[in-house]
Amino acid sequence: MQIKIMHADITTRDVDAIVNAANSSLLGGGGVDGAIHRAAGPELLEACREVRRTKVPDGLPVGAAVVTPGFRLPARWVIHTVGPNRHAGQTDPALLASCFRESLITVGARSVAFPAISAGIYGWDAREVAEVAFDAVGSFSSASSEGAARDGGLELVEFVLFSADTTAIFRSVLQS
Ligand code: AR6
């Protein structure tokens with residue numbers, strides 16, 4: 001499995017699945033969530049409403065992930081996950097690690113692009129997000145490498161960062 005880090009808008013990525021840093025309502029928001037809904041079109045909100053109705057009527061718990069189609073996006077799927085909100089006292093890195101792991105399990109995509117989940121409105125430090133992300137993706141990859149090799153499996157994980165600063169932080173954490 002290859003890991004790539006890039007400074008870009010995640011809505012432009014032509015991968016199997018992009019990950020949305022959503023909130024429990026799944027009904028949209030600001031940040032990357034707003035950008036993904038705008039680029040995917042109104043069908044995405046409809047699909048999210050359907051997921052709420054059929055799978056998570058009380059909202060998507062922190063650390064969980066669900067999938068919808070990508071509609072007008074280049075990506076085939078959008079994986080919606082809810083990161084921990086530091087401003088609400090959610091400081092356990094295990095919750096954030098769960099977002100990365102559950103996102104990879106949800107759809108079994110070969111290529112997945114992640115934003116810096118929780119590093120915006122939810123107030124986590126980008127360095128800590130990068131550390132948790134690489135650790136979670138690395139453990140997922142080594143735990144599933146046998147099964148994955150049989151299925152085609154996960155080949156590419158991209159971290160798509162929206163600012164030059166966050167990109168530099170992710171690069172330096174990966175190198176160390
Ligand atoms: N492509 C890639 N990264 C982006 C993009 C983009 N187009 N736009 C923003 N980012 P945030 P959170 C970066 O706030 O902290 C929403 O309202 C951004 O610079 O989007 O998990 C949800 O509905 C930051 O580094 O997500 C929730 O209510 C990173 O994406 C809440 O915000 C994450 O920032 C979730 O907060």
Side-chain angles (χ1 to χ4, degrees), residues 3-42 44-49 51-52 56 58-68 70-75 77-104 106 111-134 136-137 156-174:
I3 291 183
K4 275 193 198 164
I5 293 172
M6 68 187 76
H7 179 195
D9 175 349
I10 201 167
T11 64
T12 65
R13 299 306 303 147
D14 188 2
V15 284
D16 289 350
I18 66 170
V19 176
N20 182 16
N23 59 62
S24 290
S25 81
L26 291 181
L27 302 180
V32 72
D33 193 4
I36 289 172
H37 274 271
R38 280 193 298 277
L44 182 60
L45 183 57
E46 259 324 295
C48 286
R49 287 191 205 282
V51 169
R52 277 297 302 274
V56 285
D58 297 329
L60 187 65
V62 175
V66 290
V67 68
T68 64
F71 299 103
R72 301 176 199 180
L73 291 165
W77 306 105
V78 178
I79 299 165
H80 307 261
T81 189
V82 182
N85 182 354
R86 187 166 280 276
H87 303 305
Q90 292 165 346
T91 56
D92 182 356
L95 289 171
L96 187 56
S98 173
C99 292
F100 289 98
R101 194 177 53 246
E102 293 299 311
S103 294
L104 293 175
T106 301
S111 52
V112 177
F114 284 102
I117 299 167
S118 289
I121 293 163
Y122 282 177
W124 281 61
D125 178 62
R127 179 167 291 276
E128 191 169 7
V129 174
E131 285 165 0
V132 169
F134 297 139
V137 169
L156 171 66
V157 174
E158 295 182 347
F159 290 94
V160 182
L161 294 325
F162 209 45
S163 75
D165 283 0
T166 310
T167 310
I169 290 168
F170 269 66
R171 289 219 167 99
S172 92
V173 172
L174 186 62

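All of these numbers come straight from a predicted model, not from anything done at the bench. As the structure lists them, so they are numbered: ligands from 1, and atoms in each ligand from 1.
- Distance CZ/R52 to OG/S24: 8.5 Å, rounded to 0.5 Å.
- Proximity of L161 to ligand 1, defined as any heavy-atom pair under 4.0 Å, is not found for any part of the residue.
- Shown here are the ring pair (Phe, Tyr, Trp, His ring centres under 6.0 Å) partners of F134, two or more places apart in sequence or in another chain: F159, F170.
- Ranking protein heavy atoms by distance to atom 25 (O) of ligand 1, first place goes to A116 CB, 3.9 Å.
- Looking at G83, G120, P115, C99, it is G120 that brings a heavy atom closest to atom 15 (O) of ligand 1.
- For the pair G123 and ligand 1, the shortest N or O to N or O distance does not fall below 3.5 Å.
- Shown in contact with G30 at under 4.0 Å from a heavy atom are these atoms of ligand 1, numbered in order with element: 16 (C), 17 (O).
- Atoms of ligand 1 found under 4.0 Å from any heavy atom of A21 (numbered from 1 in listed order, with element): 21 (O), 22 (C), 26 (O), 35 (C).
- Here the protein heavy atom with the shortest distance to atom 30 (O) of ligand 1 is V32 CB, 4.0 Å.
- Rounding to the nearest 0.5 Å gives a distance of 6.5 Å between CZ of F114 and CD1 of I79.
- Contact atoms of ligand 1 toward A35: 7 (N) (distance under 4.0 Å to a heavy atom of the residue).
- Listed by number with element, the atoms of ligand 1 under 4.0 Å from a non-hydrogen atom of D33 are 22 (C), 23 (O).
- Here the heavy atom of the protein found nearest to atom 1 (N) of ligand 1 is I10 N, 3.0 Å.
- D9 and T11 share a donor-acceptor pair across their side chains, judged by distance under 3.5 Å alone.
- Close approach of ligand 1 to V160 is summarised as follows: ligand atoms under 4.0 Å from at least one heavy atom of the residue are 2 (C), 3 (N).
- In this structure, I121 has no side chain to side chain contact (heavy atoms under 4.5 Å, CB included) partners at least two apart in sequence or on a different chain.
- The OG1 atom of T81 lies 10.5 Å from the CZ atom of R101; values are rounded to the nearest 0.5 Å.
- Across the listed options Y122, W124, F170, Y122 owns the non-hydrogen atom lying nearest to atom 36 (O) of ligand 1.
- With hydrogens left out, the protein atom closest to atom 21 (O) of ligand 1 is S118 N, 2.9 Å, a heavy atom.
- Using a 4.0 angstrom heavy-atom cutoff, S163 does not count as in contact with ligand 1.
- Distances shorter than 4.0 angstrom do not occur between any heavy atom of T11 and any atom of ligand 1.
- A donor-acceptor pair under 3.5 Å links the side-chain atoms of T106 to the main chain of E102, judged by distance alone.
- Put simply, the side chain of S118 gets close to the backbone of P84: a donor and an acceptor are under 3.5 Å apart.
- Here the CG atom belonging to L44 is positioned 4.5 Å from the NE2 atom belonging to H37, to the nearest 0.5 angstrom.
- A donor-acceptor pair under 3.5 Å links the side-chain atoms of R171 to the main chain of I5, judged by distance alone.
- Applying the side-chain contact (heavy atoms from CB on, under 4.5 Å) test between I10 and each of N20, V78, I18 identifies I18 as the sole match.
- Atom numbering of ligand 1 starts at 1 in the shown order; those under 4.0 Å from a heavy atom of N23 are 22 (C), 23 (O), 27 (C), 28 (O).
- Annotation: atom 7 (N) of ligand 1 to nearest protein heavy atom, D9 OD1, 2.9 Å.
- Closest to atom 18 (C) of ligand 1 among all protein heavy atoms lies F162 CB, 4.5 Å.
- Counting protein heavy atoms only, atom 32 (O) of ligand 1 is closest to I121 CD1, 3.3 Å.
- Rounded to the nearest 0.5 Å, atoms OG1 (T68) and CD (E46) are 12.0 Å apart.
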